[in-house]
Amino acid sequence: MPELPEVEVVRKDLERDVVGKRVKEVDVRLPRIIRRHAAKKEFTSRLIGRKISKVDRRGKYILLSLDSGDVLVMHLGMSGHVERTTGRKALEKHTHAIIKFQVGGELRFVDMRQFGELFVTGGDEIAGVKELQHIAIDPLEDSFTWQHFSESLASRRTKLKALLMDQKFISGLGNIYSDEILWASGLRHDRASDTLSAQEVRRLYRAMQEVLQEGVRFRGVTLEDETYKDLYGKTGEMQDHLKVYGREGQPCRRCRTPIERARWSNRSTYYCPQCQV
DNA sequence: GTTTAACCCTGCACGC
DNA sequence: TGCGTGCAGGGTTAAA
């Protein structure tokens, strides 16, 4: 399930590989994946003939700017990935959209569970786009300071995990990385956000930077039953470095206590009952 | 303001 | 072996 590190890996690959490429043809095979246009024709017509000028990320959204001023917005949902390939390769199952370039192959949007989405919007309208306007500060941004984080935490009264996964609070974290960050900082998922000492806030802040940077360095998490891959079909390696996620019953890597799993609104949370307080 | 449930969809495990 | 049922999984949003 792509979270900030996975999306950042894809963004970086796209930046290196498709900036400067001009779109020749667009093939939408599953129209419902285009969320903001009733007609897929508008989607394709705003892309064809346009050159990709830069690739940004906002939370888990990837923004491909076009030389027309429009922006192609992409979200990988839970099971999506982007494949960079030549047109000759056989289509992978669940390929929902194909963007062909004039020179140099094509991009394929593949998403088994169809929770991902694509749409085009005007660059000047982007601030008002419903999907993007609520996205909070990025934890890897320079402006995300310890002071900023500390004040935001204190202003809320929620369980830590819910807060970390709230895209309106901080952007980019999902189930896996929030569990890993909480383990690394020695804090429980159900700890109230306004009860943290200054030292605990600092630990959480630091863990966030370290875990996310590690995730990017290992090119993301690809679990056994999941489909995340980079642009070239390679799986990530971060799954081999996870400390708690998916390790129910196995000994904590810090204190050997068996890792427990809690259910929280139909989602799993993994934590060490001993060393996370 | 905070918490919970439902929805989106496919693949798979399970029981018969 | 085949079929039907139920459910996991994450992000978002609506409702409580």
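Just the heavy atoms: all of them, side chains too, but no hydrogens, waters or symmetry mates, feed the values below. Sequence lines set the chain letters: A, B, ... in the order given, protein chains first and strands last, and positions in each chain run from 1.
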Salt-bridge contact [X]-[Y] (side-chain N to carboxylate O under 4.0 Å):
X     : Y     : answer
A:E8  : A:R57 : yes
A:D70 : A:R50 : no
A:D56 : A:R58 : no

Among [options], the one nearest [X] by side-chain distance:
X      : options               : answer
A:Y61  : B:dG11, C:dT12, C:dG9 : C:dT12
A:M165 : C:dG9, B:dT2, C:dG11  : C:dG11
A:R32  : B:dT10, B:dC7, B:dC9  : B:dC9
A:N175 : C:dG10, B:dT2, C:dG9  : C:dG10
A:F115 : B:dC8, C:dG11, B:dT10 : B:dC8

Just how far, in rounded Å, is [atom2] of [N] from [atom1] of [X]?
X      : N      : atom1 : atom2 : result
A:Q133 : C:dT12 : CD    : C1'   : 14 Å
A:K161 : B:dT2  : NZ    : P     : 19 Å
A:M78  : C:dG10 : CE    : P     : 6 Å
A:L160 : B:dT3  : CG    : P     : 11 Å
A:F109 : B:dC9  : CZ    : P     : 14 Å
A:D166 : B:dG1  : CG    : P     : 12 Å
A:L164 : C:dG10 : CG    : P     : 15 Å
A:L223 : C:dG10 : CG    : C1'   : 12 Å

Take A:Y228 and A:L223 through the test side-chain contact (heavy atoms from CB on, under 4.5 Å) and record every step on the way to the result. CA-CA 8 Å; A:Y228 170 75; A:L223 298 175; over 6 Å; no

Answer yes or no: does a side-chain N or O of [X] lie under 4.0 Å from OP1 or OP2 of [N]?
X      : N      : value
A:K93  : B:dG11 : yes
A:K159 : B:dT2  : no
A:H94  : B:dC9  : no
A:Y245 : C:dG10 : yes
A:R267 : C:dT12 : no
A:Q167 : C:dG11 : no
A:R263 : C:dG9  : yes
A:S79  : C:dG9  : no

Say whether A:Y177 and A:E6, considering side chains only, have a donor N or O and an acceptor N or O under 3.5 Å apart. yes

Is there a donor-acceptor contact under 3.5 Å linking the side chains of A:Q199 and A:S197? no

Could you check A:H189, A:R191, A:M165 and say which one makes a side-chain contact (heavy atoms from CB on, under 4.5 Å) with A:L160?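 One option only clears the test, and that one is A:R191.
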
For A:R157, give me all partners under side-chain contact (heavy atoms from CB on, under 4.5 Å), at least two apart in sequence or on another chain.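 Counting only residues at least two positions away or on another chain, A:R157 forms a side-chain contact (heavy atoms from CB on, under 4.5 Å) with A:D194.
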
Indicate every side-chain donor-acceptor pair of residues 20-34 of chain A with a distance under 3.5 Å to a residue at least two apart or in another chain.
| from | atom 1 | to | atom 2 | distance (Å) |
| --- | --- | --- | --- | --- |
| A:R22 | NH1 | A:G49 | O | 2.8 |
| A:R22 | NH1 | A:D67 | OD2 | 3.4 |
| A:R29 | NE | A:T95 | O | 3.2 |
| A:R32 | NH1 | A:Q114 | OE1 | 3.1 |

List the residues meeting ring-ring contact (aromatic ring centres under 6.0 Å, His included) with A:H94, not counting sequence neighbours, and say none if there are none. none

Terminal axis angle for the helix from B:dT2-C:dA16 to B:dC16-C:dG2, five pairs an end, nearest 10 degrees: 50°

Identify each donor-acceptor pair in which a side-chain atom of residues 254-261 of chain A lies under 3.5 Å from a protein atom, sequence neighbours left out, and give them as a table.
| from | atom 1 | to | atom 2 | distance (Å) |
| --- | --- | --- | --- | --- |
| A:R254 | NH1 | A:W183 | O | 3.1 |
| A:R254 | NH2 | A:W183 | O | 2.9 |
| A:E260 | OE1 | A:Y271 | OH | 3.1 |
| A:R261 | NE | A:E248 | OE1 | 3.2 |
| A:R261 | NH1 | A:S268 | OG | 2.7 |

Could you run down the sub-3.5 Å N/O contacts of the protein with nucleotides 13-16 of chain C?
none

